[in-house]
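Below is one structure, written out as structure tokens, with a few remarks after it.
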Amino acid sequence: FYYNLAVSDYKKIKNLKPDILITCAFGQILNQEILDISPLGAINVHASLLPKYRGAAPINWAILNGEKETGVSIMNTELGLDTGPILLMEKCSIDENETSLDLTKKLSVIGANALIKGLDEALSEYLGIKVVVAEDPLTAVVRGTGLIASNIEYYKDIIIENEDEL
């Protein structure tokens, strides 16, 4: 299933001039035109230890198959189903009576932390800064700037949250 944005949505994204695109649990394959919008391409947060459980419902499949361990893969997105190079993987155990909802919640926290680490891998050289994970899994500290970013917007020189709150 290739995902084709409406022309107006494509233009909105392109006009933002993003350095990078991020997807999570998107469920469709982005076409090359979308992947080419940003100079650094796209990063995907996938809820399995790839290549195992590539595609849809990886959490459900891990539980149904009696897996004892799963995790999150942060990967560069390519034209294909979860086929891009893996930047990093974070593992976790699956408890005996854990439901897919429980595991989804657990992996969302792990995925948020892993995304920050993956962005660090993908962007540190490009942006010339270093991002480190803070105690709050949805917050990153930008080393050397004294800034804390949560709704993270990346720019070539600095990471900011909302200018009004700085």
Side-chain angles (χ1 to χ4, degrees), residues 1-7 9-65 67-94 100 103-133 137-140 142-143 149-157 159:
F1 299 100
Y2 286 95
Y3 184 71
N4 290 302
L5 286 175
V7 173
D9 291 334
Y10 172 80
K11 286 180 181 177
K12 285 178 190 175
I13 294 171
K14 189 169 183 170
N15 287 338
L16 290 172
K17 298 179 182 170
D19 290 318
I20 194 163
L21 302 172
I22 299 170
T23 58
C24 178
F26 189 62
Q28 297 183 37
I29 299 171
L30 296 173
N31 66 34
Q32 195 62 49
E33 187 177 32
I34 295 168
L35 293 175
D36 291 341
I37 288 174
S38 62
L40 293 174
I43 289 182
N44 182 42
V45 181
H46 185 78
S48 80
L49 300 173
L50 290 170
K52 199 166 196 174
Y53 302 119
R54 208 180 286 272
I59 295 170
N60 303 68
W61 284 116
I63 291 172
L64 285 170
N65 289 335
E67 299 289 346
K68 302 292 182 211
E69 181 179 72
T70 190
V72 172
S73 299
I74 306 297
M75 55 182 281
N76 287 329
T77 305
E78 292 182 341
L79 192 61
L81 185 61
D82 300 325
T83 57
I86 296 170
L87 297 170
L88 66 95
M89 290 193 285
E90 297 285 341
K91 297 178 181 180
C92 73
S93 63
I94 300 175
S100 61
L103 189 53
T104 297
K105 289 177 183 177
K106 184 193 298 186
L107 290 174
S108 69
V109 173
I110 293 169
N113 280 312
L115 176 60
I116 298 298
K117 291 177 187 176
L119 286 170
D120 182 23
E121 295 286 322
L123 300 176
S124 61
E125 185 175 319
Y126 176 73
L127 297 174
I129 59 174
K130 187 79 172 165
V131 179
V132 294
V133 175
L138 297 178
T139 302
V142 184
R143 186 173 287 159
S150 57
N151 295 320
I152 301 174
E153 296 181 33
Y154 283 90
Y155 295 96
K156 288 187 180 179
D157 298 321
I159 298 177

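Here the structure is a predicted model, which is why all the values come from computation and not from measurement.
- Looking at K106, its side chain never comes within 3.5 Å of a backbone N or O of I94 through a donor-acceptor pair.
- The heavy-atom pair separating A114 from V72 by the smallest distance is CB-CG1, 4.4 Å.
- At least one side-chain heavy atom of L21 sits under 4.5 Å from a side-chain heavy atom of I13.
- The shortest non-hydrogen separation linking E90 to I110 is CB-CG2, 3.6 Å.
- Not a single donor-acceptor pair under 3.5 Å links the side chain of T70 to the backbone N or O of A62.
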Are K117 and I74 close enough, and set up right, to give a side-chain contact (heavy atoms from CB on, under 4.5 Å), and what steps lead you there? CA-CA 9 Å; K117 291 177 187 176; I74 306 297; over 6 Å; no

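- N31 contributes a side-chain N or O that, together with a main-chain N or O of E33, makes up a donor-acceptor pair within less than 3.5 Å.
- When all heavy atoms of M75 and G84 are compared, the pair lying nearest together is CE-N, 3.3 Å.
- The CD atom of Q32 sits 11.0 Å away from the CD1 atom of I37 when rounded to the nearest 0.5 Å.
- Considering every non-hydrogen atom in both L103 and C92, the closest pair reads CD1-SG, 4.3 Å.
- Here the closest non-hydrogen pair linking G118 and L87 is O-CD1, 3.8 Å.
- How far CD1 of I59 is from OG1 of T104: 3.5 Å, rounded to the nearest 0.5 Å.
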Donor-acceptor contacts, no H, no angles, side chain residues 39-47, under 3.5 Å, sequence neighbours left out:
residue	atom	partner	partner atom	Å
N44	OD1	T23	OG1	3.0
N44	ND2	D82	OD1	3.4
H46	ND1	D82	OD2	3.4
H46	NE2	S48	OG	3.1
H46	NE2	Y53	O	3.0

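- Scanning all heavy atoms of the two residues, the minimum distance from L81 to R54 falls at O-CD, 3.1 Å.
- Here CG of L119 is found 4.5 Å from CD1 of I22. Values are rounded to the nearest 0.5 Å.
- Partners of E78 according to the side-chain contact (heavy atoms from CB on, under 4.5 Å) rule, which considers only residues two or more places apart in sequence or in another chain, are T83, P85.
- The line from CG of L64 to OG of S100 is 8.5 Å long, rounded to the nearest 0.5 Å.
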